[in-house]
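Chain identifiers are assigned alphabetically (A, B, ...) following the order of the sequence lines, protein sequences preceding nucleic acid strands; residue numbering begins at 1 within each chain.
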2 protein chains.
Amino acid sequence: MSTMLAEGDDLSGAEKVFTFFRDALLNGTLKPGERLLGERELSLRLSVSRPLLREALRSLAMLGFLDIRHGKGAYVRQADINVLSDFFTFSLAQQPDILDDVMQARIAIECQAIRLACERATESDLKRIGSKLTRLMDTLHDPIEGGAADFAFHQAIVEAGHSEALATLYGAIGELLRRSHVQRREVTVSEPGIVDYLVEAHREVFLSIVDRNSDAADRKLRDHFAIGDEFRRRSLISAFARRPQT
Amino acid sequence: MSTMLAEGDDLSGAEKVFTFFRDALLNGTLKPGERLLGERELSLRLSVSRPLLREALRSLAMLGFLDIRHGKGAYVRQADINVLSDFFTFSLAQQPDILDDVMQARIAIECQAIRLACERATESDLKRIGSKLTRLMDTLHDPIEGGAADFAFHQAIVEAGHSEALATLYGAIGELLRRSHVQRREVTVSEPGIVDYLVEAHREVFLSIVDRNSDAADRKLRDHFAIGDEFRRRSLISAFARRPQT
DNA sequence: GGCCTTACAGTGGTCTGACCACTGATTCCC
DNA sequence: GGGAATCAGTGGTCAGACCACTGTAAGGCC
């Protein structure tokens, strides 16, 4: 209680409230699951009106840091990654050429995660990755299912890295990746040799992890991305080449 | 029977307003730069009170979609990726022992960025990185200045990668990184050989970029991080070893 | 006595109407 | 003509009231 003291008054009201909660969340005064005081009580302590307090609270809720339930109260929530996905998806609507760039982030995260996975993956991690690989092989000719399986495979690798930070970042761009995955499959599914390649590439990546060989795994994964680009490029070319004939 | 409602219309007031604007932004009814009607006018049109409208507006502003200026009005803004930085700082800081883990994300981003930098860096990029290197060498014995210079060097590399997504993610963890940088310098500054090592390691990384050798740059950087860890570990050991003697 | 219903207190949800503070342009005085 | 005072429009803030939802405790029915 006594920790709630007014310090800098230079900020505007809403900013002041927002900052107060941000700091409280950052330095651990407020922990996930905890329940906030009532709005009336809080507005008194922070010396702001209830509507103003609500503006700040609502904003925090919108960002996923609070869960406000009618008739019960406001609860601190572990930040929700879904907000990030929404945000990415949203800003993509205004800036479509960012997708290639997101791919760079994806490579960065996965290549580091796979290194960690080589050190940290448990038996059940490996088993999970393996099962995704099986699923991938079973759905090779279905763009939608296949794309999903592909994504699941890569996601399992990231999880096997057991790094919260990497998983968080990956989750943030996950929605965008999921979308592009299916699209890409649709484009390349008819490309000759693609099926064999897909199986082989993913299998090699998987085996590198089982081998616990970080450098090899990194390299295989990097190659996989590069060759994927190449297939897509080729497929685009042939698509345009076919067009005049039809 | 009235309890059975199709999802969609049962939104509460604030949600309704928020959704209204979100849709307007998504389908292009509202374009960046455009000015919104006044709050009083808007609250009339949407049949909600001004405080309620403000809750929604403030939330949108917090997400970076609006720019509200006192005495002027609210303007639609191009979605700003930078709010992600705040978000990450929040969501990562909530998890206690995340700092070591953030380091993994840092390695992931920098190693990919340096690969891109080898391909994309301009002359002025290289010049900028070089100047940071000089600054780093001039501040070797000052933990605070030295830590800042160290961070600036690495940041310059990421920027030289010219990837919006990577730079954004790096900025997102930047705040957490900055905190640990100075700390680490304070711990290791007394370690024998550290000064020579720091100069040499950074110089090698820099030269690899100038050489446009992606693989080498990646490797050098990775080594640099690994050895930094080693120094810190050794320094911790000797710190504990000394304690009983004093 | 046990279960269902009801009433109540606490909480978020919303509204009204007022006043303050900032911005920009207009007007007025020098 | 130039600078300062003025004013209208806008967001910023406030107080107090009432509504709607939730969980619980008191009460009534079986």
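- If you check D:dG11, C:dG13, C:dC15 against the side chain of B:R54, the one that comes closest is D:dG11.
- Regarding B:E41, its CD atom lies at a distance of 13 Å from the P atom of D:dG9, rounded to whole Å.
- Of the candidates C:dG13, C:dT16, D:dG12, the closest approach to any side-chain atom of B:P51 belongs to C:dT16.
- When the P atom of C:dT11 is taken as reference, atom CG of A:L57 falls 14 Å away, rounded to whole Å.
- Among C:dT14, D:dC14, D:dG11, the nucleotide with an atom closest to any side-chain atom of A:R58 is C:dT14.
- More than 12 heavy atoms of other residues, nucleotides or ligands sit less than 6.0 Å from atom CG of A:L44.
- A:H202 and A:H154 have perpendicular rings, their planes meeting at more than 60° on a 0 to 90° scale where under 30° would count as parallel.
- Side-chain nitrogen and oxygen atoms of B:R69 include none within less than 4.0 Å of the OP1 or OP2 phosphate oxygen of C:dG24.
- Sorted by first and then second residue, the salt bridge (charged side-chain N to carboxylate O under 4.0 Å, His left out) pairs involving residues 47-56 of chain A (not counting sequence neighbours) are A:E39-A:R50, A:E39-A:R54, A:R54-B:E55, A:E55-B:R54, A:E55-B:R58.
- The interatomic distance linking A:L46 (CG) with D:dA15 (P) rounds to 13 Å, in whole Å.
- The phosphate of C:dC15 has neither OP1 nor OP2 within less than 4.0 Å of any side-chain N or O from B:R50.
- Put simply, the residue from B:E110, B:Q155, B:E159 that forms a side chain to side chain donor-acceptor pair (under 3.5 Å) with B:Y170 is B:E110.
- Residues B:D125 and B:R128 are paired through a salt bridge, judged by an N-O separation under 4.0 Å between the basic side chain and the carboxylate.
- Between the CG atom of B:L52 and the P atom of D:dG11 there is a distance of 16 Å, given to the nearest Å.
- Distance NZ (A:K16) to P (D:dT13): 9 Å, rounded to an integer number of Å.
- Note: CD1 (A:I68) to C1' (D:dT22) measures 16 Å, nearest angstrom.
- Relative to the side chain of B:R35, the nucleotides D:dC14, C:dG12, D:dT10 differ in distance, and D:dT10 lies closest.
- What separates CD of A:E39 from P of D:dC14 is a distance of 15 Å, to the nearest Å.
- Residue B:G73 is the one, among A:V48 and B:G73, whose nearest nucleotide of DNA chain D lies closer to the 5' end (criterion: closest heavy atom).
- Heavy-atom neighbours of B:R45 CZ from other residues, nucleotides or ligands within 6.0 Å: at or below the threshold of 12.
- Other residues, nucleotides and ligands place more than 12 heavy atoms under 6.0 Å from the CG atom of B:L37.
- Distance, B:L66 CG to D:dT10 C1': 15 Å, rounded to whole Å.
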Considering only nitrogen or oxygen atoms on both sides, find all protein atoms under 3.5 Å from nucleotides 20-23 of chain C and state each distance.
residue, atom, partner, partner atom, Å
C:dA21, N3, B:H70, NE2, 3.1

